[in-house]
2 protein chains.
Amino acid sequence: MSARALPYRPHNHDACVNQALAEAKAICQQQNARLTPTRERVLELVWQSHKPLGAYDVLAKLTSEGHNAAPPTVYRALDFLQQYGLVHRIASLNAFTGCTHAGKHHTGMFLICRACGNALELTDTSVSTAIYNAAGAEAFCTETVTLEVTGLCPSCQTEQHHE
Amino acid sequence: MSARALPYRPHNHDACVNQALAEAKAICQQQNARLTPTRERVLELVWQSHKPLGAYDVLAKLTSEGHNAAPPTVYRALDFLQQYGLVHRIASLNAFTGCTHAGKHHTGMFLICRACGNALELTDTSVSTAIYNAAGAEAFCTETVTLEVTGLCPSCQTEQHHE
DNA sequence: CTGCGAATGTTATAATGTTACAAATTTTGC
DNA sequence: GCAAAATTTGTAACATTATAACATTCGCAG
Ligand SMILES: [Zn+2]
Ligand SMILES: [Zn+2]
Ligand SMILES: [Zn+2]
Ligand SMILES: [Zn+2]
């Protein structure tokens with residue numbers, strides 16, 4: 001319905017997170033998957049900002065809340081969330097971010113600002129088609145696409161003249 | 001001139017490596033960069049196959065040759081080689097592969113076969129243009145692109161009916 | 001030769017991710 | 001409800017990838 005707010009624009013982030021959590025619950029219910037408290041809490045932590053979060057950052061937050069967590073706790077939750085398309089792993093950052101297109105079949109393309117660290121997930125048909133075709137031209141059968149663009153987001157471009 | 005052989009097709013791989021080394025020497029000479037024996041050996045090891053090689057795999061090979069190497073030896077050489085565009089890091093594999101377009105300004109797109117492990121580097125203008133445009137539509141200033149496609153290469157697709 | 005910067009050696013450690021097995025919890029069949 | 005089965009979580013150890021810090025050596029200009 002409404003387009004999701006851009007990460008690097010001020011927006012009502014609580015609403016942003018709540019929407020994501022509600023969608024996640026719906027998706028899990030639909031697929032008979034159990035969004036347990038730990039999994040839900042990890043999803044919420046990942047959504048806490050639009051900067052991709054490392055697994056050990058999640059772990060630290062859980063621990064600081066008194067949760068008795070170890071690395072497998074976090075990685076298992078993240079695996080589950082990835083499996084149901086609720087979070088993405090950003091390979092170039094070894095970090096995780098909430099999927100803004102959960103439930104829809106899509107190829108995530110991430111614009112990652114090297115200055116502020118925010119990541120924006122896009123879906124662009126012409127990009128995915130071009131990739132699929134280029135791979136197909138080599139008779140390659142595409143299964144997954146990792147597409148991560150780094151650079152400067154609009155906000156951070158305008159700040160550049162400070163240096 | 002001649003198109004480079006496809007990794008998953010049989011080809012004269014020695015020639016493949018020799019060409020890469022010769023090009024590397026030329027590029028370094030041109031830029032006043034020192035392709036020292038260690039750096040050259042690491043480049044050669046990375047080129048030994050078309051399967052991206054982990055830093056610790058390189059390290060093991062160096063060690064087995066009697067080279068007195070430690071992790072920093074390898075990472076420093078790889079950093080150098082990346083800096084001069086002679087190798088690429090494959091983020092989704094934590095591995096490195098020789099650049100097949102060294103010296104040319106390009107955006108690498110990698111087709112990585114999950115079965116045989118070979119990676120083919122492509123450059124496709126329509127892909128890079130589409131990416132650049134999609135990022136531009138968000139007023140994002142693109143600096144680097146990580147594009148890694150996994151799936152099945154032609155050879156491995158035909159083997160599939162064995163299972 | 002001598003001094004300087006680049007490159008390498010060396011040791012230790014940080015950051016990221018996994019394995020294996022035990023305990024607890026939830027679901028299922030009855 | 002209740003026991004068996006399956007799923008989830010806890011726990012400890014470990015594996016892999018990468019970097020920091022500092023000493024040493026090497027290549028070269030003066
Ligand atoms: Zn997504
Ligand atoms: Zn920014
Ligand atoms: Zn390349
Ligand atoms: Zn293959």
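Letters A, B, ... mirror the listed sequences (proteins, then strands); counts begin at 1. All heavy atoms count here, side chains included; hydrogens, waters and symmetry mates do not. Every value quoted in this text rests on a predicted model; they were computed, and no experiment measured them.
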*Taking the side chain as C-beta and beyond, is there a heavy-atom pair between B:Thr107 and B:Leu147 under 4.5 Å?*
no

*B:Leu62 CG to C:dT10 P: how many Å, rounded?*
14 Å

*Respond yes when some side-chain nitrogen or oxygen of B:Thr73 is under 4.0 Å from OP1 or OP2 of C:dG9, and no when none is.*
yes

*DNA chain C: 5'-proximal contact among A:Ala55 and B:Ala77 (nearest heavy atom)*: B:Ala77

_Among residues 79-97 of chain B, which ones have heavy-atom contacts with DNA chain C below 4.0 Å?_
none

*Quick one: are the ring centres of A:His88 and A:His106 less than 6.0 Å apart?*
yes

*Please work out which of the three classes, parallel, tilted or perpendicular, describes the rings of B:Tyr84 and B:Phe80, given edges at 30° and 60°.*
tilted

*Parallel under 30°, tilted from 30 to 60°, perpendicular over 60°: which one fits the rings of B:Trp47 and B:His13?*
tilted

_What is the distance, to the nearest angstrom, from the OH atom on A:Tyr75 to the P atom on C:dT19?_
12 Å

*Side-chain contact test, heavy atoms from C-beta onward, threshold under 4.5 Å: evaluate it for B:Leu35 versus B:Leu81 and give yes or no.*
yes

*asked:* Counting only side-chain nitrogens and oxygens, does B:Arg39 get under 4.0 Å of the OP1 or OP2 atom of C:dT8?
replied: yes

_What I'd like to find out is whether the side chain of A:Glu121 reaches to under 4.5 Å of the side chain of A:Thr97, using heavy atoms alone._
no

*Is B:Arg76 touching bases, backbone alone, or none of the nucleic acid, heavy atoms closer than 4.0 Å?*
base

*If you check the B:Arg34 side chain, which of D:dT19, C:dT19, C:dA7 turns out closest?*
C:dA7

_Can you measure A:Asp57 atom CG to C:dT16 atom C1' for me and round it to whole angstrom units?_
11 Å

*So does A:Thr38 get a side-chain nitrogen or oxygen closer than 4.0 Å to the phosphate oxygens (OP1/OP2) of D:dT8?*
no

*Taking CD from A:Glu40 and C1' from D:dT8, how many angstroms apart are they, rounded to a whole number?*
16 Å

*Before giving the answer on side chain to side chain donor-acceptor pair (under 3.5 Å), spell out for B:Glu23 and B:Gln19 the whole-Å C-alpha distance, their side-chain angles and the decisive distance to 0.1 Å.*
CA-CA 6 Å; B:Glu23 285 174 8; B:Gln19 185 187 344; 3.0 Å; yes

_Can you say whether a donor on the side chain of B:Tyr56 sits under 3.5 Å from an acceptor on the base of D:dA15, or the other way round?_
no

*Phosphate OP1/OP2 of C:dT10 contacted by B:Asn68 side-chain N/O (<4.0 Å)*: yes

_Could you tell me how far apart B:Leu59 (CG) and C:dT11 (C1') are, to the nearest whole angstrom?_
14 Å

_Euclidean distance, atom CG of residue B:Leu78 to atom P of D:dA18 [Å, nearest integer]_ = 9 Å

